[in-house]
Structures are given as structure tokens and as C-alpha cells.
2 protein chains.
Amino acid sequence: MIVDVAPSSTPQVPPSAALPMAGPAGGPGTERADAARNRRRLLDAARRLVAAEGIDGMTMEAVACAAQVGKGTVFRRFGDRAGLIRALLDDTETALQDRFLTGPPPLGPGADPHDRLVAFGHARLDVVLLHGDLLRAADADDRTRYAHPSRGASATHVAMLLREIGVDGDVPLLAEALLGTLDAGLVVHQHRVLGMPVERLRQGWDDLVARITAPR
Amino acid sequence: MIVDVAPSSTPQVPPSAALPMAGPAGGPGTERADAARNRRRLLDAARRLVAAEGIDGMTMEAVACAAQVGKGTVFRRFGDRAGLIRALLDDTETALQDRFLTGPPPLGPGADPHDRLVAFGHARLDVVLLHGDLLRAADADDRTRYAHPSRGASATHVAMLLREIGVDGDVPLLAEALLGTLDAGLVVHQHRVLGMPVERLRQGWDDLVARITAPR
DNA sequence: CAGACAATCGGACCGTGGTCCACTTAGCCC
DNA sequence: GGGCTAAGTGGACCACGGTCCGATTGTCTG
């Protein structure tokens, strides 16, 4: 979400708006003042609603209403419900991405790639267990779930680490396999429903990484 | 879906109906004639609609209408949209299950467990590529997706094979990891969007099985 | 400051999934 | 056949996600 594209909290500009043409608006990428204000209002309102009544209480209409804004504006800004939720998660995702791209070892560059991969899994597990409901709701749409840049970025990252480790074989597929075990819905289910403690999930990740990266 | 419970095309009987009490109905598990007729009608109508306009055209209202039945009846029978779709897939799932539980090797019992596991993946891939849209729509609901008996049965099966192979470690988690790569949404995305040929997905499965079951 | 234009807004509107409950009917017992 | 009971029915009703388009407003140019 951060690597491949502009921050998702950027408005869903219609394609033509990439270049605001010779129009009155400022340079490309600027956002009209009222638009920016409304976006902030909407995010605040959404966050408040989620905090107060959980993700299910975050109705698009309720958000619009709480932000004193029309419903159409919400959709214009964030595309759809999933988009709004992703925007809510953007800070978190960004932070995690940053930790990996530029942060200190063992997550950031410089550490042994195997350690980085292990750390990636643990960090991701933490995020999932913290924001499980949000994440789950964010990729409820099966059509965009796997196509979303956020997932692409993670997949790319994991694939890179696998290559650094020297894994041979179909690295992209192996990356997907690893990522699959960190799926929000799955992890939440394992943790909440099946009652698996975090430690077990962590060890499961470590084990899987070990098996997949083992020389043959 | 077949191992753990009665065929899902069985009506969603309210809990109390498990024992029809001393009431007028026949023995436990029977279904009133009109109910049975309506269920058949609904399934037929649903199948027709899917064939004609794809899964998106299969509106609950359209199904009810085509079956000459009230909307409430549809929901009473199948619980929700996902339930109806699962019922539609029940034949397929049952067939696959049967092939594994009682069919001929390499899928059925008798073959080397490693070969059975490989065969399982290939068979599952075939099903997913054939009924991708249906399967995807069937587990659109993240809440029941992982909790559903169907998935449980698969997980149990894979776990059993892993144990037979002699894999040590957290077998249930490893089974989930394997299963994750066969997720309908993921596979469809890899195949249709990313353009990965089936053969590559098959080899990916084989490779993953090999890595996970390799002695250490 | 006025004019012009596009980005932005807002809320009426729509389709869909899902619920509810008063009414009907099948099936058993006498 | 008549009566009884619970399963079954159907369609009005609701909430929510998402779309649309006429009205509005911000911003730049002259």
C-alpha cells in the first residue's frame, strides 16, 4: 500500500485528474481545501465510530452523518467501505512497512534475511491480532483482496527475502504460501475460535519458514 | 461437509427440530413433503440462474421468484446466500470427498500418503479452477469461512496424511498452511489475473508438499 | 473584483441480503 | 373424517452499500 502507490488516504481521483489540466486547481496532487478538511473529518468520525461500537457499527451512513457530510462524499473519497477501512489502517500499515524498509534490524535491512523473514511474520501476527476485525473487514471483498497493492508489497518483500536467503524454486508461489498463513481471517479464527495462543502461531511461522527455506 | 455433518442440502432445521418430539411429523430427520419439493425447486432454480447469468445473477429474490416461492423460504432452507451456494456445490464436494475416503488410489486409501497428498492438491486445484466463482462466493463471509465443516474436513484429512507421512511439528498448522494455497480466491487470482498456468500451480503444490514433508 | 470552470458536495434513490410474523398446511391420532 | 400441533410459507419490511446528478464552492485568470 505504501510501496506501490501513493498513501491510500489520498482521494480516489478520477483518472482524468492525474493532470488537473490547465484548470484552476493548483499543481498536480494538490487537494482542494474543503476536500482535505472533509477527508480528515471522515477519518476522525470513522475512527470514533469503530472505537465506540466496533467495526460493524461503522456504517457508511453513520460515518457520513457523524462527519456532517453527505454520503456521496464518503464514497467519492474512499471508493467503498473497504477503502475507508484501509485508510483507517493506513497508518499502521505504513508504520510496519517503514520498519521493514528502513527500520532497524532484525526487521529492517542489514540483518540476516532469515531473521528478517521471521521478524516479518511476528510483526505481522502482532498487527493482525491487534487489528483483526479491521483487517478482516478490509479485505472482505474477494475480488480486490489479492489484487490490492498492499498484499503485492508484502508478497514482493517476502519474495525478496526468500531470494536473498537463496531459496530455489518458484519463489513467488512460496511467498504466497507463507503469506497465506498470516491471513487476518485465518489468524483470528485460530486465535479466537480455536484458542491457539500467540506463541504457538509464532512457532508455526518459524517452523514453516524453516521448512521452506531449508536447503535441499 | 460430508464427514462432519449431514449433507448441507439438508434443511437448516432449527435446533429444537432435531427431535420432532411427540409431534405429528414422522421419524426424526424427515422433511415435510412440501418442504422437500420446495428445496428441490430452489436448487433447480438456483442452478439455472447461475448457468444463465453467472453467480452474480443469482439473486436471492430471483431464485425465490424463479422457484415460485417466497423469499423467506429461501432463507429458511439455506440460512443465507453462502449456504445456498454451498448446497449447490454439495454434489461436487461430496464427490471429491468420496474419492478421497473410499475411491481408488492415488487419491483414495491404499496409496502412499505422500502421493495422496499430492493428488489431493491437484484434485482440489481442478475443482477450484472449475467452480472458482461459486467457491469464492461461497466463502465470502469471513466469519464462517474458516469455521465451516467443509474446511474442517479438508484440514483433518491433510493433517492425517501429514501424520502418516511422519511429519513432526505442529501438524494442524502445517495443514492450514498447505490448505491456504488452495484458497479459491487466491487460486483464481493467480490463474486469471496473474495468468499463471495450471501446470505451474500444480508444481507449486508439489514443491510445497515436498518442502513441508521433507525429513529434517 | 468578476467571471468561468472543474472539482466537490449532498442526499434522494436503487438493489440486495436478511428478518419477522401472521397465516396456511401437512401429517398424525382418535 | 375431524381436530390438533408444529413445520412451513410468503411477502412486507428494514438496513446497508453503492450510484447519480443537479447544486455548490474553491480556485485560478484577467
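Heavy-atom basis, side chains included; hydrogens, waters and symmetry copies ignored. A, B, ... follow the sequence lines: proteins, then strands. Residue 1 opens every chain.
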(request) Could you state the atom-to-atom distance from CG of Asp34(B) to C1' of dT24(C) in whole Å? (result) 10 Å

(request) Rounded off to whole Å, could you give me the CZ-to-C1' distance for the Arg81(B) and dG18(C) pair? (result) 13 Å

(request) Indicate, with a heavy-atom threshold strictly under 4.0 Å, whether Arg32(B) touches base, sugar-phosphate, or nothing. (result) base

(message) Does dG8(D) have OP1 or OP2 under 4.0 Å away from a side-chain N or O of Arg77(B)?
(response) yes

(message) Can you tell me if Asn38(A) touches the phosphate of dT8(C), counting only side-chain N or O atoms and a distance under 4.0 Å to OP1 or OP2?
(response) no

(request) Check salt bridge (Lys or Arg N to Asp or Glu O under 4.0 Å) between Asp206(A) and all other residues, then give those that pass, not counting sequence neighbours. (result) none

(request) Select from Arg37(B) and Ala82(A) the residue whose nearest nucleotide in DNA chain D is closer to the 5' end of that strand. (result) Arg37(B)

(message) Given dC9(C), dT9(D), dG17(C), identify the nucleotide with an atom nearest to the side chain of Phe75(B).
(response) dG17(C)

(message) Expressed as a whole number of angstroms, how long is the span from Phe78(A):CZ to dG17(D):P?
(response) 15 Å

(message) Checking Arg124(B) now: which residues fulfil salt bridge (Lys or Arg N to Asp or Glu O under 4.0 Å) with it, not counting sequence neighbours?
(response) Glu93(B)

(request) Could you tell me the separation between the CG atom of Leu84(B) and the C1' atom of dT16(C), rounded to a whole number of Å? (result) 14 Å

(request) Sequence neighbours left out, what passes salt bridge (Lys or Arg N to Asp or Glu O under 4.0 Å) with Asp44(B)? Give chain and number order. (result) none

(request) Counting heavy atoms from C-beta on, name the nucleotide in dC9(C), dG18(C), dT9(D) closest to the side chain of Asp80(B). (result) dG18(C)

(request) Would you mind reading off the distance between Arg76(B) atom CZ and dT19(C) atom P, rounded to a whole angstrom? (result) 13 Å

(request) In whole angstrom, give the distance that lies between atom CG of Leu42(A) and atom C1' of dC9(C). (result) 11 Å

(message) Using every non-hydrogen atom in the two residues, find where Leu117(A) and Trp205(A) come nearest and quote the distance to one decimal.
(response) O-NE1, 3.2 Å

(message) Going by the rule salt bridge (Lys or Arg N to Asp or Glu O under 4.0 Å), which residues pair with Asp170(A) if we only count those two or more places apart in sequence or in a different chain?
(response) Arg200(B)

Name every donor-acceptor pair, under 3.5 Å, that has one atom in a side chain of residues 61-71 of chain B and the other anywhere in the protein, sequence neighbours excluded.
from: Glu61(B); atom 1: OE1; to: Lys71(B); atom 2: NZ; distance (Å): 3.4

(message) Expected output is a numbered-order residue list: members of residues 53-73 of chain A with a heavy atom under 4.0 Å from any atom of DNA chain C. What is it?
(response) Val69(A), Gly70(A), Lys71(A), Gly72(A), Thr73(A)

(request) Mind telling me whether Phe100(B) and His157(B) have parallel, tilted or perpendicular rings, with 30° and 60° as the class edges? (result) perpendicular

